[in-house]
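Okay, structure first, notes after.
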Amino acid sequence: MKTQYYTASSLDGFIATEDHSLEWLFPLGDINDTGYPQFIQGVGALAMGASTYEWMLRHVPTWPYTQPAWVFSHRELAGMAGAEIRFVRGDVRPVHEAMKRAAGEKNIWLVGGGDLVGQFHDAGLLDEIIVQVGSVTLGAGQPLLPRRIVSPSLRLSEAKFVGPGFAELSYSVATAKPNA
């Protein structure tokens, strides 16, 4: 089992625009041409931040996941019909334990955003980052991972060409002593 951050980013390192839009992403390619269809088959539980969840509420008419999901938020959010969602706040470590139990032998997907993923990294719980780097720049927005990770550095484990719009990069995250 791995805890994975699977996402797309602009060439200059943003996962969404300043107003949390993902519209820049869709013209770049077909999700079925990426590693996503295989990736999602290995996911047993997922987590996301409030902004990602709210984007889904606005843009996705039906919940696309069969896996249980944990949404981290400091405010009250509406549920989504037919979705197994748990709203949580606070330290990621106890939530990660619950996610591991729910995922069984499958992986945990950290959907986003970058700060939430950074909290998992800081706690020593992030194993892998898979990022599809798009052929656009946004100039500003929501950063891929707003953390300084230099020692130990990430280790590139795979690089794939994904059509004219993306390169898919996979990094293993070295185990470091978690921050208390």
Side-chain angles (χ1 to χ4, degrees), residues 1-9 15-16 20 22 25-26 28-73 77 79-89 91-134 142 144-145 147 154-160 162-163 166-175:
M1 173 201 292
K2 293 180 186 176
T3 299
Q4 303 168 298
Y5 180 28
Y6 184 97
T7 193
S9 170
I15 58 175
H20 301 279
L22 300 176
L25 177 62
F26 305 118
L28 297 179
D30 185 336
I31 196 166
N32 293 313
D33 294 335
T34 69
Y36 180 79
Q38 182 180 353
F39 169 81
I40 195 66
Q41 290 177 8
V43 172
L46 52 99
M48 66 184 69
S51 293
T52 302
Y53 179 72
E54 288 175 316
W55 184 91
M56 293 190 73
L57 286 177
R58 289 189 307 272
H59 295 92
V60 180
T62 58
W63 189 246
Y65 308 114
T66 58
Q67 303 89 338
W70 281 257
V71 175
F72 285 79
S73 179
L77 297 171
M80 189 177 255
E84 187 179 342
I85 299 172
R86 295 158 177 90
F87 296 99
V88 294
R89 62 182 61 170
D91 190 346
V92 298
R93 287 173 275 222
V95 176
H96 187 260
E97 285 302 316
M99 292 174 69
K100 282 178 22 181
R101 287 190 299 276
E105 299 201 9
K106 291 190 170 190
N107 297 320
I108 295 171
W109 177 20
L110 305 178
V111 182
D115 185 62
L116 177 63
V117 174
Q119 292 174 48
F120 278 86
H121 175 270
D122 294 349
L125 301 173
L126 181 62
D127 299 308
E128 185 175 35
I129 297 171
I130 304 166
V131 59
Q132 295 170 354
V133 180
Q142 308 305 313
L144 172 68
L145 187 57
R147 291 293 190 278
L154 304 174
R155 183 175 184 92
L156 182 64
S157 55
E158 189 171 6
K160 295 182 204 173
V162 185
F166 290 106
E168 187 172 275
L169 307 174
S170 298
Y171 292 92
S172 60
V173 178
T175 304

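When reading the values below, keep in mind they use all heavy atoms of this one structure, side chains included, and skip hydrogens, waters and symmetry mates.
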Out of Ile85, Leu116, Thr52, Leu46, which one pairs with Val71 under the side chain to side chain contact (heavy atoms under 4.5 Å, CB included) rule?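 Answer to the side chain to side chain contact (heavy atoms under 4.5 Å, CB included) test with Val71 among Ile85, Leu116, Thr52, Leu46: Ile85.
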Side chain to side chain contact (heavy atoms under 4.5 Å, CB included) with Gln4: which of Asp127, Ile130, Leu110? Ile130
Side chains of [X] and [Y]: closer than 4.5 Å at any heavy-atom pair?
X: Ile31; Y: Phe26; answer: no
X: His96; Y: Thr3; answer: yes
X: Met56; Y: Pro64; answer: yes

Approximate separation, where rounding is to 0.5 Å, of [X] [atom1] and [Y] [atom2]:
X: Ser9; Y: Phe166; atom1: OG; atom2: CZ; value: 10.0 Å
X: Leu22; Y: Gln142; atom1: CG; atom2: CD; value: 10.0 Å
X: Glu54; Y: Met48; atom1: CD; atom2: CE; value: 11.5 Å
X: Leu154; Y: Glu128; atom1: CG; atom2: CD; value: 11.0 Å
X: Leu57; Y: Met80; atom1: CG; atom2: CE; value: 4.5 Å
X: His20; Y: Trp55; atom1: NE2; atom2: CH2; value: 13.0 Å

Qualifying residues under side chain to side chain donor-acceptor pair (under 3.5 Å), relative to [X], sequence neighbours excluded:
X: Lys106; result: none
X: Glu84; result: Arg86
X: Gln119; result: Asp115

Working for side-chain contact (heavy atoms from CB on, under 4.5 Å), residues His121 and Val173: CA-CA 9 Å; His121 175 270; Val173 178; 3.8 Å; yes
Apply ring pair (Phe, Tyr, Trp, His ring centres under 6.0 Å) to [X] and list each qualifying residue two or more places apart in sequence or on a separate chain.
X: Tyr171; answer: none
X: Trp70; answer: none
X: Phe39; answer: Tyr6, Trp109

What are the two closest heavy atoms between [X] and [Y], and how far apart are they?
X: Ala123; Y: Arg93; result: CB-CG, 3.8 Å
X: Ala47; Y: Met99; result: CB-CE, 3.6 Å
X: Asn107; Y: Lys2; result: OD1-N, 2.8 Å

For Tyr5 and Phe120: C-alpha separation, side-chain torsions, deciding distance, then whether ring pair (Phe, Tyr, Trp, His ring centres under 6.0 Å) applies. CA-CA 10 Å; Tyr5 180 28; Phe120 278 86; over 10 Å; no
Backbone N/O of Ser170 and side chain of Ser157: donor-acceptor pair under 3.5 Å: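 At least one qualifying donor-acceptor pair exists.
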Does the pair Tyr65 and Val43 meet the rule for a side-chain contact (heavy atoms from CB on, under 4.5 Å), with working shown? CA-CA 10 Å; Tyr65 308 114; Val43 172; over 6 Å; no
